[in-house]
Amino acid sequence: EVQLVESGGGLVQPGRSLKLSCLASGFTFSNYGMNWIRQAPGKGLEWVASISSSSSYIYYADTVKGRFTISRDNAKNTLYLQMTSLRSEDTALYYCARRLPRGWFAYWGQGTLVTVSS
Amino acid sequence: DVVLTQTPVSLSVTLGDQASISCRSSQSLEYSDGYTYLEWYLQKPGQSPQLLIYGVSNRFSGVPDRFIGSGSGTDFTLKISRVEPEDLGVYYCFQATHDLTFGSGTKLEIK
């Protein structure tokens, strides 16, 4: 069974940094592209970043480019999102999701909540 | 940037009836390889989103055949025949042909 478990969320002050993790199990992690998607409270879904299976291809939404860094450790079956210069508008539930060959977000975790506030 | 416009914003349906959701794109979603990267997701109350349809009309594993995706170019539709109680939630279309963007969502309620 595919499982994705996010962690690392919490309350952080504007301008500070936070690193999210997503531990994967139930599949060969190194074979699949991975993604981060977020959802602000009461709002819709927003794609944040994607990384290919070998980290060769990395993409970011314009809203986080230059501030967030997606990475992965295939030996540890873990996906990361390093977030810097956090803003109040980054407050959201952050989900990690696994790709299919032709589908982008086939499996989702339960999310980790990031709250940016002073 | 590609904008996906979903209509209606909300939909109230009687159990057993059909529901239809439209997703219109500001640009054609057919990629240069001929594939159309248009997907549909459902977020049930209090849950993470789940993939329903990829590539316009391909149902993901375990998705009932009551869910039917169709369309081409800029106009796409998700039809749910014989709506059941577990179908309530917010439906999002999503495109990955030009960057990656979600529609704003359609809330399905049961009458």
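So that the names make sense, note that chain A is the first sequence line, chain B the second, and so on, each numbered from 1.
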Problem - CD1-OH distance between A:Ile37 and B:Tyr92, expressed to the nearest 0.5 angstrom - result: 12.5 Å

Exercise for the section: Output the distance between atom CG (B:Leu100) and atom CD (A:Glu46), rounded to the nearest 0.5 Å. Expected result: 11.5 Å

Problem - Single-linkage hydrophobic cluster, 4.5 Å side-chain cutoff, B:Leu4 and B:Tyr35 together - result: yes

Handout entry: Which portion of A:Leu100 sits near chain B, non-hydrogen atoms under 4.5 angstrom
Key = side chain

Practice task
Look at atom CZ of B:Arg24 and say whether more than 12 heavy atoms of other residues, nucleotides or ligands are closer to it than 6.0 Å.
Solution key: no

Practice task
Treating Ile, Leu, Val, Met, Phe, Trp and Tyr as nodes and any side-chain heavy-atom pair under 4.5 angstrom as an edge, say whether B:Val9 and B:Leu108 lie in one connected cluster.
Solution key: no

Handout entry: same_hphob_cluster(B:Phe76, B:Val3) at 4.5 Å side-chain heavy-atom cutoff
Key = no

Exercise for the section: With rounding to the nearest 0.5 Å, note down the distance linking CZ in B:Phe102 to CH2 in A:Trp47. Expected result: 10.5 Å

Problem - Exercise: identify the closest heavy-atom pair between B:Leu51 and A:Ala106 - result: CD2-CA, 3.9 Å

Exercise for the section: Please check if A:Val48 and A:Tyr59 belong to a single hydrophobic cluster, counting links between Ile, Leu, Val, Met, Phe, Trp and Tyr side chain heavy atoms closer than 4.5 Å. Expected result: yes

Exercise for the section: Grab the two heavy atoms, one from B:Ser48 and one from A:Gly109, that are nearest each other, plus how far apart they are. Expected result: OG-O, 2.6 Å

Handout entry: Test item: B:Gln47 and A:Trp108 side chains (from C-beta on) under 4.5 Å apart, heavy atoms
Key = no

Problem - A:Val12 reachable from A:Tyr80 in the ILVMFWY side-chain graph, under 4.5 Å edges - result: no

Problem - Atom CG of B:Asp33 with >12 non-hydrogen neighbours under 6.0 angstrom - result: yes

Practice task
Taking B:Glu39 for its side chain and A:Trp104 for its backbone only, find out whether a donor-acceptor pair lies under 3.5 Å.
Solution key: yes

Completion exercise
Per-residue tally against chain A (heavy atom, under 4.5 Å) across B:Phe60, B:Tyr41, B:Tyr54, B:Tyr37 peaks at B:Tyr41

Problem - Under 4.5 Å from any heavy atom of chain B - which part of A:Phe105 - result: both

Exercise for the section: With rounding to the nearest 0.5 Å, note down the distance linking OG1 in B:Thr36 to CZ in A:Arg102. Expected result: 10.0 Å

Practice task
Indicate whether the side chain of B:Gln43 and that of A:Gln39 have a donor and an acceptor atom separated by less than 3.5 Å.
Solution key: yes

